[in-house]
Each structure stands twice: as C-alpha cells, then as structure tokens.
K.L.:
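Dropping a structure here in structure tokens format, bear with me for questions.
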Amino acid sequence: MKTKDLILIIEDDEAISRMLSLFLDQQGYKIIVAGDMKSAIRELQTQSPEIVLLDLGLPGGDGKTLIKSIRTQRSTPIIVLSARHEEKEIIASLELGADDYMTKPFSTYELLARIRSAQRRFMGLQPSSNILQCHELVMDTAQHTVAKNGEFLKLTPTEFGLLKYFMLHQNQVLTHIRLLKEVWGVGYQQEMQYLRTYINSLRKKIEHDSTRPAYILTELGVGYRFGCGDDFDSKE
Amino acid sequence: MTFLYPYRHYLVSFALLLIISIIGELFSGWLGLMNIALIYLLPVLVIALRGDRHATTVVTAISVIVFDLLYVPPRYSLDVHDLAYVWSFVIFFVVGYTITYQAKRIQANAIKEILLNTLSHDLKTPLSSIQGNTALLLREKNIDEHTQREVLIQISDSTHRMNRLIANLLDSARLKDNREILRKEWCDFEDLIGVAIQEFRHDRVMHRIDVEISPDMPLFWGDGGLLVRLFVNLLDNALKYSSPDKPICVVMTSMPTKTVILVCNDSEPIKKADLKNMFDKFYRLENTADIVGSGVGLSICKDIVIAHEGEIEAYNTDHGICVEVVLPAPKVPARTLREE
C-alpha cells in the first residue's frame with residue numbers, strides 16, 4: 001500500500017491552516033502544520049515532507065529566508081501562499097526557488113491542481129521524445145513543426161522558441177524575466193515589450209479565442225503559465 | 001443663473017461685505033475702528049468655512065482692501081500711514097487660512113465617514129448572505145440537494161463579490177496615496193481584457209461578453225493591475241445594469257494618438273445629469289437600490305483613467321449605455337521586433 005504523501009503547511013493563521021488541513025486530508029494527504037519559522041525548520045528536518053505550502057507573510061521571520069534555507073538542503077516542491085499586491089515578493093520567492101504561488105483568497109481545488117502538478121514535475125516526468133503535446137497542439141522539436149488539430153501552424157522562429165519553452169514547462173508559472181532570459185537570451189530581461197508582442201501573436205495562432213486564452217494564461221504582474229492537463233482545464 | 005451656482009459662496013461673502021460696509025458707514029462714529037475691523041473679519045470667516053484656500057485668499061484680500069479704503073487713515077486711499085495696520089491685515093489672512101485648514105480637515109473626515117458607511121453596507125450585504133446561508137446549511141438537516149446547491153452557489157457568489165470589493169478598496173487606497181506609485185510597464189490590452197474577463201468565470205455571465213480589438217493595437221505604457229481593475233469594474237457595471245441575457249460589447253480601437261475603449265450594454269437609457277455624475281464618488285442611480293454594488297467602482301475607474309492621463313465618459317445609445325475610455329498613446333512607442 002502506498003503511504004500518504006506528507007504536506008507541511010507553514011501558516012500562522014489558524015483559520016486557513018485548519019481549512020487547508022481539512023481539505024487536503026480529505027484528498028488523501030497527510031498534514032503537518034507549523035505556525036512559525038522555528039517549528040517549520042524543526043518539522044522540515046525531522047519529517048521530510050513531500051510538499052511545502054508556505055505563507056509568505058509569516059511573522060517572526062521572512063518567508064523568503066525559509067525558501068533559501070530549504071533550497072540549500074533539498075528540492076522539495078514549495079508552493080507559496082501570499083496576499084494580493086505582493087507581486088514583487090512572489091517574483092522574488094520564485095527566483096529563490098519556490099515552485100508555484102497562490103494569492104489569497106484562492107480556490108482549494110486550484111491549489112490541489114498546483115500541488116499535483118508540482119509533484120508530477122518533481123517526479124521528473126521530463127519528455128523524452130521530440131514530441132511535445134498538449135491537447136490538440138503537437139510540437140515536433142526535431143522537425144521544427146507545430147500542428148493544431150493536425151494542421152501545421154506557421155510560427156516565426158521566436159514564436160516557436162517561446163512555445164517550445166512553454167510546452168517544456170507546462171503548468172509551471174514562468175516569470176517575465178525567466179521567459180525573456182530563456183527565449184531571447186541574457187541581456188533581454190527588461191524587454192517586456194518583446195514578450196507582450198510575441199505572447200499576443202502566439203495566442204492569435206494557437207488559441208481559439210485570444211481574449212479567452214486556454215493555453216497561455218496570464219499571471220498578472222508575475223508572468224505566464226502554459227496551462228495543460230485536466231487540472232487546469234476547469235477552474236472550479 | 002445656474003452658471004453662478006459654483007460661485008455662490010463668493011456671492012454670499014460679497015453681499016455680506018456690502019452690508020457691513022453700509023452698517024459701518026452708518027455707525028462708524030459710534031463703533032470705533034477696532035470694532036469695524038472685527039466686523040470686516042466676518043466675510044473672511046464665512047468663506048473660510050468652505051475650506052477652499054483660493055476662495056479664502058480672494059475674499060480676504062478684497063475685505064482688507066475695502067477696510068483699508070474706507071477706514072484706515074488716510075481714508076479713501078490705499079495708503080497706510082500707521083504700519084500697525086499692516087499687522088491687522090496680516091491677522092486677517094492668518095485667521096482666514098487657519099479656519100480654511102480646519103474646515104478642510106472636517107470635510108475630509110465627513111467624506112471618510114460616508115466612505116465608511118457605504119463600504120460597511122456593501123461589505124455587509126454579501127456577508128449577511130454568507131451568514132444566513134451557512135446558518136441554514138448548519139441547522140437544517142433535510143434540505144434537498146437542489147436547494148443545498150442553490151444555497152452554496154449564493155455563498156460562493158457573495159465571496160466573489162466581497163473579494164472584488166476589497167480589491168477595489170486596495171487599489172483605491174493605492175491611487176489615493178500618490179500618483180507616483182503607479183507600477184507602469186508595457187501592457188497589451190488584449191491580454192488585460194482577457195484577465196478581466198477571467199474574473200467573471202464564476203458568475204456564469206462570461207459568455208455574454210463580446211470583445212472586438214483592432215488587429216494593430218499597440219502596446220500601452222500603464223499600470224497593468226489598475227487597468228485590469230478598470231476593465232473589471234466597467235464590465236461589472238455593464239453587467240449589473242444590463243437587461244438580462246443581453247450581450248456586453250467591448251470594442252477597442254487604436255488611433256494614431258490614442259486608444260478608444262468602449263464598453264456597451266443593453267439597458268434603459270439614463271438621464272443626462274446621471275450620465276455626468278456616474279463617475280462621482282458614491283453616486284448611485286435612484287432606482288437601483290436593489291442592485292448589489294456601490295458607487296465606489298465607477299469612481300475608481302475615473303481615478304484610474306485620470307492617473308493614465310485619459311478621459312472617461314458615458315452616453316446613451318439607441319438601446320443601451322456606453323462608457324467610453326480614451327487613453328493617450330505612449331509618447332515613445334514600444335519597440336517591436338518584426339520577423340517573418
């Protein structure tokens with residue numbers, strides 16, 4: 001019998017940690033809760049959880065420091081919970097190695113989707129072939145082609161590079177800076193205008209309705225996410 | 001006469017000045033210069049209570065000049081022989097500005113109170129729905145599944161409404177604070193309207209929103225978060241006051257020097273005066289007490305548009321109401337790389 005995956009919830013607000021424990025317990029996870037930085041570090045060392053949910057607004061210690069110290073020792077997926085209007089903090093924690101984020105208030109099912117997707121990535125399900133697929137989109141990286149419903153799409157080299165990076169990092173939040181650095185190259189991190197323009201043109205080619213995108217989702221103030229998989233299809 | 005209305009406080013002060021000048025003339029021998037000087041402070045007090053520094057300056061200056069002309073020796077000239085009178089004139093201004101400052105503070109508090117009342121009302125409405133519905137679920141054992149679901153949907157709707165209101169409040173506070181903290185970046189309107197539409201995904205109204213964007217829409221230099229809030233509020237408003245099940249149209253057109261954004265719905269026309277006042281704080285149409293929401297949303301829209309040096313107005317169409325937002329094109333257009 002498979003043992004239950006352990007989730008460490010680092011959250012000082014009891015109402016939220018109780019709600020999360022109740023919900024995630026129902027979903028078949030084992031839960032431990034740490035209310036402050038000190039007990040969080042203790043639980044991390046003694047329990048080695050599979051997933052960490054971290055409230056960024058933790059008192060008595062910066063949540064970002066915790067991310068840094070976790071990352072020096074292990075690569076456990078970390079999902080950051082934060083308040084709205086904290087885009088800078090979110091970006092900083094993603095750069096420090098957090099895997100994903102949710103802004104309060106959030107839907108518990110959306111959180112569950114993020115947990116599952118972070119776990120899958122952690123298991124190392126890297127695509128081994130040249131074929132990347134998401135629903136009706138199929139990319140062949142060797143042939144340099146993209147097809148939607150079997151019909152080939154005409155993409156520019158940059159559009160292709162961008163889509164490839166997205167499809168290699170499905171369901172993952174990708175910050176503006178990371179996308180610019182990985183697709184355009186070092187030195188382009190500040191060229192938001194390029195990113196905006198190419199996201200727009202890429203959406204026109206791959207989305208059914210570019211004002212209601214289903215693939216390239218905007219994470220306001222943070223970056224983009226290539227949504228794929230059942231978890232991300234139905235938002236509540 | 002209506003054009004005089006904004007200046008009514010000036011008129012009152014000037015009338016008062018005239019009356020006291022006549023009284024002063026009649027009783028000047030009896031009153032003494034000291035008392036006459038005090039009487040001339042009256043128009044200053046009256047105008048200062050408005051809390052408008054500019055108005056206080058104008059009326060105080062005139063009051064001082066009239067007093068000087070009529071009473072300060074040599075009379076009927078602006079000359080002042082005894083420099084002690086200059087000191088009196090300074091006192092006039094000191095009194096005027098002190099009262100103006102206090103009046104301003106009192107007014108600000110009054111506005112805060114109205115804000116607080118409106119907000120607590122608007123927050124309490126969804127909150128009572130949540131309280132009532134959860135109490136129902138907790139107490140009643142035998143609710144059929146359909147009703148139970150209905151109740152839960154109401155709770156969920158209320159939480160989304162509260163969330164939107166709180167988001168508005170936070171953005172409004174950010175705007176009030178200082179214009180400089182706009183977090184400007186290159187924005188794609190299509191991207192932002194997409195995010196705004198996403199906010200309605202829970203409300204089962206998303207399919208009613210039609211969007212049309214010119215294909216050559218350039219990037220805009222603005223605060224993405226606030227622009228999303230602008231679109232969310234405009235859509236929310238258009239949906240709230242729309243005839244049920246009629247579409248909401250969003251049209252974005254780019255022109256050489258500006259971008260025009262239209263959000264139109266299908267509804268009864270509204271009065272001209274209402275169209276103008278719609279964007280003022282706490283303004284709500286008379287006959288819409290039953291529609292959930294507050295006057296805060298549209299006034300925040302106005303603040304956001306002004307912060308981006310744009311204009312916003314509303315007008316009636318043949319079968320509905322349109323809100324038009326005009327935003328100036330960025331002074332330096334975005335660089336784009338073209339590749340084929």
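Keep in mind that the numbers below use all heavy atoms, side chains included, and drop hydrogens, waters and symmetry copies. Letters A, B, ... are given to chains in the order of the sequence lines, protein chains preceding strands, and every chain is numbered from 1. All of these numbers come straight from a predicted model, not from anything done at the bench.
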K.L.:
Taking everything shown except A/Lys164 itself, do over 12 heavy atoms lie less than 6.0 Å from its NZ?
P.N.:
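For A/Lys164, atom NZ is not crowded (no more than 12 foreign heavy atoms under 6.0 Å).
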
K.L.:
Looking at every non-hydrogen atom in both residues, tell me the closest pair between A/Met192 and B/Trp186 and how far apart they are.
P.N.:
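Closest pair (atom of A/Met192, atom of B/Trp186, distance): CE-O, 4.4 Å.
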
K.L.:
Please say whether more than 12 non-hydrogen atoms of neighbouring residues, nucleotides or ligands are located less than 6.0 Å from NZ in B/Lys184.
P.N.:
yes

K.L.:
Taking side chain to side chain donor-acceptor pair (under 3.5 Å) as the test, write out the residues that go with A/Asp140, two or more places apart.
P.N.:
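For A/Asp140, no residue satisfies side chain to side chain donor-acceptor pair (under 3.5 Å) once neighbours in sequence are set aside.
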
K.L.:
Only heavy atoms, only distances under 4.5 angstrom. Which residues in residues 16-29 of chain A are near chain B?
P.N.:
none

K.L.:
Tell me, out of A/Ile216, A/Asp209, A/Leu220, who's got the most heavy-atom pairs with chain B below 4.5 Å.
P.N.:
A/Leu220

K.L.:
Go through the structure and list residues passing side chain to side chain donor-acceptor pair (under 3.5 Å) with A/Gln143, not counting sequence neighbours.
P.N.:
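So A/Gln143 forms no side chain to side chain donor-acceptor pair (under 3.5 Å) with any residue.
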
K.L.:
Please classify the contact between A/Lys204 and chain B as side chain, backbone, both or neither, with a heavy-atom cut-off of under 4.5 Å.
P.N.:
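The answer is the side chain of A/Lys204.
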
K.L.:
Roughly how far apart are B/His160 NE2 and A/Ser107 OG, rounded to 0.5 Å?
P.N.:
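Separation between the atoms: 8.5 Å.
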
K.L.:
For B/Ile209, which atoms come within 4.5 Å of any heavy atom of chain A: side chain, backbone, both, or neither?
P.N.:
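When you check distances to chain A, atoms from both the backbone and side chain of B/Ile209 fall under 4.5 Å.
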
K.L.:
Can you tell me how far the CG atom of A/Asn200 sits from the CG atom of B/Asp191, to the nearest 0.5 Å?
P.N.:
8.0 Å

K.L.:
Quick one: closest heavy-atom pair of A/Arg196 and B/Leu219, and the distance?
P.N.:
CB-CD2, 3.7 Å

K.L.:
Can you find a side-chain donor-acceptor pair between B/Glu190 and A/Ser210 that sits under 3.5 Å?
P.N.:
yes

K.L.:
What part of B/Val228 gets closer than 4.5 Å to chain A, counting heavy atoms only: side chain, backbone, both or neither?
P.N.:
side chain

K.L.:
Shortest non-hydrogen contact from B/Ile213 to A/Thr211?
P.N.:
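Smallest heavy-atom distance, with atoms named: CD1-CG2, 4.0 Å.
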
K.L.:
Report which part of A/Arg212 has an atom under 4.5 Å of a heavy atom belonging to chain B: side chain, backbone, both, or neither.
P.N.:
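Contact with chain B is through the side chain of A/Arg212 alone.
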
K.L.:
Supply the atom-to-atom distance B/Gln198 CD to A/Thr218 OG1, rounded to the nearest 0.5 angstrom.
P.N.:
9.0 Å

K.L.:
Checking heavy atoms, do the side chain of B/Met217, its backbone, both or neither come under 4.5 Å from chain A?
P.N.:
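The answer is neither part of B/Met217.
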
K.L.:
Evaluate whether atom NZ of B/Lys246 has more than 12 neighbouring non-hydrogen atoms of other residues, nucleotides or ligands under 6.0 angstrom away.
P.N.:
no

K.L.:
Pairs in or reaching into residues 135-146 of chain B: which pass side chain to side chain donor-acceptor pair (under 3.5 Å), with residues at least two apart or in two chains?
P.N.:
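For residues 135-146 of chain B, and leaving out neighbouring residues, the side chain to side chain donor-acceptor pair (under 3.5 Å) pairs sorted by first residue read B/Asp144-B/Thr147.
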
K.L.:
Around atom CD of B/Glu212, are there more than 12 heavy atoms from other residues, nucleotides or ligands closer than 6.0 Å?
P.N.:
no

K.L.:
What residue in A/Pro213, A/Pro105, A/Gly221 has the most heavy-atom pairs under 4.5 Å with chain B?
P.N.:
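Among the listed options, the one with the most contacts to chain B is A/Pro105.
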
